[in-house]
*Asks:* 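The structure's right below; bear with me while I get my questions together.
Values below: every heavy atom of this structure, side chains too, minus hydrogens, waters and symmetry copies. Please read all numbers here as calculations on a predicted model, not as lab measurements. We number each residue from 1, following the sequence as shown.
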Amino acid sequence: MDKTRPPGAWPTRAAHDREAALRRRRRLALVLAADFGIDLDGHLIGAQEVAA
């Protein structure tokens with residue numbers, strides 16, 4: 001990788017960083033929900049059909 005290019009020249013790197021940050025936020029939300037005993041089945045899309 002050529003580090004002399006401006007940051008905008010690496011759109012895939014920026015997209016990767018955004019996706020990684022989103023995964024970290026989701027993981028943290030799941031861990032916090034588990035710690036507080038929150039049942040997420042009713043909050044997940046399609047969970048009603050799977051649970052039935």
*Asks:* Name all residues meeting the side chain to side chain contact (heavy atoms under 4.5 Å, CB included) criterion together with Leu28; count only those two or more places apart in sequence or in a different chain, and write none if there are none.
*Replies:* Leu32
*Asks:* Nearest 0.5 Å, what's the CG-CZ distance between Asp17 and Arg13?
*Replies:* 4.5 Å
*Asks:* Just verifying a value: how many Å separate Arg24 CZ and Glu19 CD, rounded to the nearest 0.5 Å?
*Replies:*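 Answer for the CZ-CD pair, Arg24 versus Glu19, is 11.0 Å.
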